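Bear in mind the structure is a predicted one, so any value in this text is a computation, not a measurement. Every heavy atom of this structure was used, including side-chain atoms; hydrogens, water molecules and symmetry mates were not.
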Amino acid sequence: MEKVVIKDSGYRLKKATILRTKNLTRNEKFFEIALKDGSSLDHEPGQFIMVSLLGIGESPISVCSSPSRRDSFDLCIRAVGKVTRRLHTLKKGDEIGIRGPYGRGFPVNIITGNDLLIIAGGLGIAPLRSLITYVLDNRRDFGKVHILFGCKEPKEMLFSDELEQWSQRTDLHYACTVDRADPEWAGNVGVITTLIPGVDIEPLRTFAAVVGPPVMYTFVIKELLKKGIPKRQILLSFERNMACGNGKCGHCQIQNLYVCQDGPVFNYEQIKNLSEAF
Amino acid sequence: MEDTQYVVLKKDRFEEFIAALSSMQKLVAPVAKGFGAYAFEEVTSADPIALNYIPTILPLKKYFMPQRETLLEFTLDRRSHAEAVVEYEPLTIFGAHTCDLAGIQCLNMVFSERPKDYNYLLRKGTITLIGLECNDYCDEYASCHLVHASFPSGGYDLLFTDLGDYFMVHINTVSGDRIVRTAGLCEGAGSAHMNELRSLRDRKRTVFRNEVPIKTKLIPELFDAVFGARVWDNLNERCLACGNCTNVCPTCYCFNIKDELDLTLARGIRYRVWDSCQLEPFARVAGGINFRKERSARQRHRYYRKFRYPVDRFARFFCTGCGRCTRACMADISLKETLSELIKESEERVWKKWL
């Protein structure tokens with residue numbers, strides 16, 4: 001058996017260093033990361049990377065910062081599997097490996113010039129934070145921007161200080177709701193779909209960007225269609241099992257589409273007839 | 001006029017030819033393993049080679065994308081370091097049937113599509129492929145004509161056709177030509193030989209017929225109509241979700257990626273290993289949601305990955321009609337039967353529309 005080192009391998013890792021971490025909730029931790037060679041990740045909002053811990057494995061994670069910040073990027077990681085649980089034990093200065101960015105993110109160049117309705121459920125705020133911060137960095141290029149955020153309970157709220165800031169901004173329309181309130185909660189109670197009818201938008205020039213748990217999509221899409229937003233302007237990001245990121249290993253397939261290469265962001269027109277998507 | 005693409009190898013020189021091949025580099029060929037089963041394995045002489053064989057237990061993909069292959073080697077000391085590697089072994093494969101050659105052509109398309117898979121592509125470049133034409137059906141499980149794989153259409157360096165007391169050898173590549181020249185055992189093919197090849201192909205055209213009652217070009221349409229068919233529910237009750245069908249399929253290439261440390265815990269590898277969409281956890285994400293939880297959905301996915309999805313992506317079917325999935329199924333799920341049932345059910349639907 002002969003063996004050669006291949007520089008072009010799709011499995012080659014880039015070294016990266018953790019600059020900062022912060023516990024967001026009991027299960028979610030925030031990481032600011034920089035590539036070791038000083039280069040920029042150069043991602044698009046909504047793209048994901050494969051995070052690698054040698055000897056443990058790899059996990060697909062959405063980038064949750066805007067590409068306009070070039071010297072570092074952010075990840076928000078929920079501890080659910082063996083890689084993510086181990087990632088939670090890492091701290092400032094530790095080294096990880098990454099591959100990517102992969103997939104198609106939110107088509108920001110197409111959204112430009114339109115209104116934007118961002119709908120985030122739970123951890124869905126992580127990939128959408130890359131879009132939101134990108135839009136804020138380029139605020140003049142977009143029309144009205146609405147952000148709707150929902151989660152199960154107030155204590156599961158991610159990026160709560162940033163959400164607070166967004167709610168104060170005059171150039172954003174912000175609303176949030178929780179499924180179950182606690183005694184201190186003074187805001188809306190109910191599922192996220194209850195916020196949609198009240199949003200004042202011009203449907204034909206509005207793009208909706210939706211990320212949340214799988215159960216959320218069917219109901220949110222129904223409300224958005226009721227509002228009159230065209231199918232092509234409803235953007236959805238899907239979570240699937242991913243092992244390779246290169247459109248080969250088959251795990252992430254939704255019928256004929258590979259979420260890792262054709263997605264993770266799709267417009268509703270593309271996938272409305274794919275029963276495996278919902 | 002003599003066609004220089006064709007040469008003749010007399011059967012009494014076959015042994016010498018195989019010896020010459022095996023002296024050039026490692027040679028593998030179909031060998032009888034008992035119980036009517038065959039496998040590709042290393043040979044050094046013509047003796048063990050089975051010239052008349054049904055498709056081997058595992059297809060040729062085991063040489064192109066080994067069941068387990070190293071992608072990364074790493075060390076875990078203070079300055080951890082990882083390097084992407086490919087392991088390969090130059091190899092000549094003798095005796096590949098046209099179904100298996102078609103299987104490799106499918107894999108070639110998948111792994112050359114961007115982002116390219118250099119592990120596969122590098123290894124592929126070191127493998128010489130010598131085909132062996134089927135003069136007749138191997139057994140009743142084959143459905144190669146349905147998917148245009150019963151006749152040779154490239155994908156080999158040399159192709160052997162058994163014409164009685166000699167083999168007609170088609171030279172398809174320069175490296176095939178080099179082998180013929182180095183061995184020096186072949187002679188030019190005359191017009192009598194060419195006529196014999198032609199009449200074999202004519203005879204084959206009467207033997208090989210679509211094994212399932214449908215025109216090949218209508219298969220994508222059929223699959224457009226049967227996503228919700230009852231056939232899948234029937235498979236749901238029978239399938240054992242063992243993954244045999246995908247393991248033995250020449251065009252199933254799904255894999256998983258895993259890490260493994262050696263006993264020092266200071267070094268390790270990241271490797272990929274064959275996986276199967278038929279296994280329960282295949283489409284499950286961390287957190288527990290499974291996007292193809294039912295066996296019916298998983299079986300349907302397998303059929304669509306053979307007959308529908310690749311038509312859009314690669315303009316061909318990813319079934320080569322080799323029949324392995326049917327032979328290997330412990331629950332007697334038959335590809336030909338499933339297709340026939342789907343045709344029947346789709347016709348029912350068309351009739352219902354008119355009634």
Side chain to side chain donor-acceptor pair (under 3.5 Å) evaluation trace for B/Arg305 with A/Gln253: CA-CA 10 Å; B/Arg305 274 191 61 126; A/Gln253 241 182 320; 2.4 Å; yes

Which atoms of B/Arg292 are under 4.5 Å from chain A, going by heavy atoms: the side chain, the backbone, both sets, or neither? side chain

Using a cut-off of 6.0 Å, state whether more than 12 heavy atoms not belonging to B/Arg316 lie near its atom CZ. yes

Between A/Pro60 and chain B, with a heavy-atom cut-off of 4.5 Å, which part of the residue counts as in contact: side chain, backbone, both or neither? neither

Given the options B/Thr70, B/Leu72, B/Ile269, which has more heavy-atom pairs under 4.5 Å with chain A than any of the others? B/Leu72

Minimum heavy-atom separation for B/Gly287 to A/Val80, with atom names? N-CB, 4.3 Å

Turns out that what part of A/Ile56 lies under 4.5 Å from chain B's heavy atoms comes down to backbone

With a 4.5 angstrom heavy-atom cut-off, could you sort out which part of A/Ser59 is near chain B: side chain, backbone, both or neither? neither

Is B/Glu83 paired with A/Arg12 through a side-chain N to carboxylate O contact shorter than 4.0 Å? no

When you measure from the side chain of B/His301 to the backbone N and O of A/Ile254, does any donor-acceptor pair fall under 3.5 Å? no

Could you check whether A/Arg240 makes a cation-pi contact with B/Phe291, meaning its NZ or CZ is under 6.0 Å from the centre of the six-membered ring and within 45° of the ring axis? yes

Calculate, to the nearest 0.5 Å, the distance between atoms CZ and OG belonging to B/Arg270 and A/Ser52 respectively. 3.5 Å

Please examine the side chains of A/Tyr11 and B/Arg272, heavy atoms only from C-beta on, and report whether any two atoms are closer than 4.5 Å. yes

Under a 4.5 Å heavy-atom cut-off, does chain A meet the side chain of B/Asn256, its backbone, both or neither? both

Given heavy-atom pairs under 4.5 angstrom as the criterion, report whether the side chain, backbone, both or neither of B/Tyr304 touches chain A. neither

Heavy-atom neighbours of A/Phe219 CZ exceed 12 at 6.0 Å: no

When you measure from the side chain of A/Asn241 to the backbone N and O of B/Arg284, does any donor-acceptor pair fall under 3.5 Å? yes

Mark yes when over 12 heavy atoms from residues, nucleotides or ligands other than A/Lys152 sit less than 6.0 Å from its NZ; otherwise mark no. no

Most heavy-atom pairs under 4.5 angstrom with chain B, which of A/Gly81, A/Gly55, A/Gly245, A/Ala243? A/Gly55

Find the one option among A/Ser9, A/Gly10, A/Gly57, A/Gly247 whose heavy-atom pairs under 4.5 Å with chain B are most numerous. A/Gly57

Quick check on B/Pro310 against chain A: is it the side chain, the backbone, both or neither that has a heavy atom closer than 4.5 Å? neither

Please classify the contact between A/Lys15 and chain B as side chain, backbone, both or neither, with a heavy-atom cut-off of under 4.5 Å. side chain

Among B/Glu69, B/Glu89, B/Glu73, find the residue that satisfies the salt bridge (Lys or Arg N to Asp or Glu O under 4.0 Å) test when tested with A/Lys3. B/Glu73

If you check every heavy atom in residues 257-265 of chain B against those of chain A, which residues fall under 4.5 Å? B/Ile257, B/Asp259, B/Leu261

Under 4.5 Å to a heavy atom of chain A? For B/Glu113 that would be both

Please check if the side chain of B/Arg313 supplies one atom and the backbone of A/Asn256 the other of a donor-acceptor pair under 3.5 Å. yes

One option among A/Gly250, A/Gly97, A/Cys249, A/Ala277 has the most heavy-atom pairs under 4.5 Å with chain B, and it is A/Cys249

Whatever's closer than 4.5 Å to a heavy atom in chain B on A/Tyr258 counts as both

Taken to the nearest 0.5 Å, the spacing of A/Cys252 SG from B/Phe282 CZ works out to 8.5 Å

Looking only at heavy atoms and a cut-off of under 4.5 Å, which of B/Val110, B/Thr126, B/Val85 has the most pairs with chain A? B/Val85

Please classify the contact between A/Asn273 and chain B as side chain, backbone, both or neither, with a heavy-atom cut-off of under 4.5 Å. neither

Got a second to check how far A/Gln255's CD is from B/Asp312's CG, nearest 0.5 Å? 11.5 Å

Pairs of heavy atoms under 4.5 Å with chain B: top-ranked of A/Glu95, A/Lys7, A/Gln261, A/Glu276: A/Glu276

Considering heavy atoms only, which positions within residues 115-124 of chain B lie below 4.5 Å of chain A? B/Pro115, B/Asp117, B/Tyr118, B/Asn119, B/Leu122

Proximity breakdown for B/Phe111 and chain A, heavy-atom pairs closer than 4.5 Å: both

